Number of protein chains: 2
Amino acid sequence: MEKTLPHYKKLHLALRQGILSGAIAKGSLLPSENELSARYNITRATVRQGLQELVREGFIEKRMGIGSVVVNDRKTLGLLTFKGFSEVLESTPLSSTTQNLKMGTTAVWPSPFFYEPTASEKEAGCFFLERLRSVEGHPVMLEFTYIPQKGVPNFFENMENGSLFATLQQEYKIEILKVLQDVRAIHAPEAILKRLELIDNTPVLHINRKYLTNTSDFHIYSSLYCNTTKYSISNFFN
Amino acid sequence: MEKTLPHYKKLHLALRQGILSGAIAKGSLLPSENELSARYNITRATVRQGLQELVREGFIEKRMGIGSVVVNDRKTLGLLTFKGFSEVLESTPLSSTTQNLKMGTTAVWPSPFFYEPTASEKEAGCFFLERLRSVEGHPVMLEFTYIPQKGVPNFFENMENGSLFATLQQEYKIEILKVLQDVRAIHAPEAILKRLELIDNTPVLHINRKYLTNTSDFHIYSSLYCNTTKYSISNFFN
DNA sequence: AAGTGGTCTAGACCACTGC
DNA sequence: CAGTGGTCTAGACCACTTG
């Protein structure tokens, strides 16, 4: 039984399709809100709800007094910002590896936790994952990831290939919508320095992340320690 | 003459203020949309518009059948969106100041430059701007900004109030579309440490940025040094 | 059953941009 | 000036969660 999509979502998908297929050229104007409203037999409020999603995705921009301009015709926009490690590097000539140091399950989340899990997440317990990423043989990132034990049966079995986000999306239809993060420069504890093959007192980049997903009350938490002596952490967002 | 803010924006700021100040505890529920609607004498549609902004910022999450849960109450600097420094802090209880250390013009860009300016930018020369941002009296960020001398006549005269991005947008219709950035943890030079009132060897967060604008062949370049001992740098992507 | 957020309608007036 | 997006009202019905 297919449930029919909300009107605003149908409009959103139709327009997105038009943009991605090239039928609506980059740089051109979308039909006005009033026209879309008439054409789709929905009110302007509903049209705006659909357009808003396109704005959020970076496909269009609204120009007061003018209309909605198509400013992009490619997908992957929002995703570039928090691509996983492997995806970021796969298009470079650099060789990269990921080493799983620990994987496990615990009923009790670490405490104090860098972002407080929600009550139901706390109750569910979590999977944890400790990984070391290296580029050209040099360790660059130590990653501690925590995933609630909710709605992800057989998680580790499904994750054998190592791509966390791909697994979540394919097996459980969990998609990352946003990332909230906190960045600091710190003196890392000895144990972490050793993993990153750094000498004492080398500054380390510390990032705490909370990923928001399309699943209500389900977040992924990561704490990253980065050796930025050779490679910096870069990102691109809009 | 103060222009009065839209109702949804007033609601948004009021709630954000409440969350940041701790008056509305993390983990608690916001008043329901109906109640906010009644309390502020606005319709529910307008309430939803205001709440939506809080969702986008990662302060609350909506739970179907439950309400709006406060999931974040950080008092950190959400600087990586391209809102400027002042805009980020204006609705928090934290007091912030900006001190202009240097402003000037030079025909020759610094070299080597952290992101290479384009040929025409190089030829045009640049304005430079050195500013120190403080929160609650503590210096948190030393900012070096470089702007091409192209299409921005009387730039410094127009920028007296200190809001760089607002000036660019209002006076010159230049809007920031995207940001490319590079982040590292470093040992900062003595001169920079001193400005940030840090002792020797304290790790410093260093960010190099290239802002892409709606104006062709016009970029803004910034190099930021952040004292993250007290406040971390935070952001959210979507 | 009662309350919440999710979707939607049918209007209205305003500020802004272009001609 | 006409047309655009920005804001807003006063309703309505639905799906979902909890007691």
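Heavy atoms only: backbone and side chains are in, while hydrogens, waters and symmetry mates are out. Order of the sequence lines sets the chain letters (A, B, ...), proteins ahead of strands, with each chain counted from 1. In this text the structure is predicted, and so the values were computed from the model without any measurement.
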Establish, with yes or no, whether the OP1 or OP2 oxygen of dT4(D) is under 4.0 angstrom from a side-chain nitrogen or oxygen of Ser32(A). yes
Considering non-hydrogen atoms only, spot the tightest contact between Phe218(A) and Lys150(A) and give its length. CE1-O, 3.2 Å
N/O contacts under 3.5 Å, protein versus nucleotides 9-11 of chain D?
residue: dT9(D); atom: OP2; partner: Thr43(B); partner atom: N; Å: 2.9
residue: dT9(D); atom: OP2; partner: Thr43(B); partner atom: OG1; Å: 3.1
residue: dT9(D); atom: OP2; partner: Thr46(B); partner atom: OG1; Å: 2.9

Looking at every non-hydrogen atom in both residues, tell me the closest pair between Ser28(B) and Ala25(B) and how far apart they are. OG-O, 2.5 Å
Whole angstroms only, please: what is the CD-P distance between Glu33(A) and dA15(C)? 18 Å
Does OP1 or OP2 of dG6(C) have a side-chain N or O of Arg48(B) closer than 4.0 Å? yes
Would you say a side-chain N or O of Ser68(B) is under 4.0 Å from OP1 or OP2 of dT4(C)? no
Evaluate side-chain contact (heavy atoms from CB on, under 4.5 Å) for Arg48(A) paired with Arg44(A), printing each intermediate quantity in order. CA-CA 6 Å; Arg48(A) 284 176 66 75; Arg44(A) 203 178 135 221; 3.9 Å; yes
In whole angstroms, the gap separating P of dG6(D) from CG of Asn34(A) amounts to 12 Å
Going by an N to O cut-off under 4.0 Å, is there a salt bridge joining Glu57(B) and Arg16(B)? yes
What's the CG-P distance between Leu36(A) and dG3(D), to the nearest Å? 16 Å
Nearest-Å distance for atom pair CG/P, residues Leu5(B) and dC14(C): 19 Å
Atom CD1 of Ile66(B) and atom C1' of dA15(D) are separated, to the nearest Å, by 13 Å
Gap between atoms CD and P, on Glu53(A) and dT7(C) respectively (whole Å): 10 Å
Give the rounded distance in Å between these two atoms: CZ of Arg63(B) and P of dT18(D). 10 Å
For the pair Asp182(A) and Tyr115(A), evaluate side-chain contact (heavy atoms from CB on, under 4.5 Å) and give the outcome as yes or no after the intermediate values. CA-CA 10 Å; Asp182(A) 244 58; Tyr115(A) 278 113; 3.3 Å; yes
Nearest-Å distance, CD (Gln52(B)) to P (dG6(C))? 11 Å
For a quick test of reading the model, state the closest non-hydrogen atom pair linking Glu121(B) to Trp109(B) and the distance between them. O-NE1, 2.9 Å
All stems with DNA chain D, defined as three or more consecutive Watson-Crick or G-U pairs under 3.5 Å: C:1-16 with D:3-18
Take Met64(A) and Pro6(A), find for each the nucleotide of DNA chain C with the closest heavy atom, and name the residue whose nucleotide sits nearer the 5' end. Pro6(A)
So does Lys62(A) get a side-chain nitrogen or oxygen closer than 4.0 Å to the phosphate oxygens (OP1/OP2) of dT4(D)? no
OP1, OP2 of dC8(D) versus side-chain N and O of Tyr8(B): anything below 4.0 Å? no
Of all heavy-atom pairs linking Leu20(B) and Phe59(B), the shortest is CD2-CE2, 3.9 Å
Test side-chain contact (heavy atoms from CB on, under 4.5 Å) applied to Leu164(A) and Arg131(A), step by step: CA-CA 11 Å; Leu164(A) 173 61; Arg131(A) 300 191 286 186; 3.9 Å; yes
Mind running salt bridge (charged side-chain N to carboxylate O under 4.0 Å, His left out) on Arg209(A) and Glu143(A) for me, showing each step along the way? CA-CA 11 Å; Arg209(A) 285 191 175 167; Glu143(A) 181 189 320; over 6 Å; no
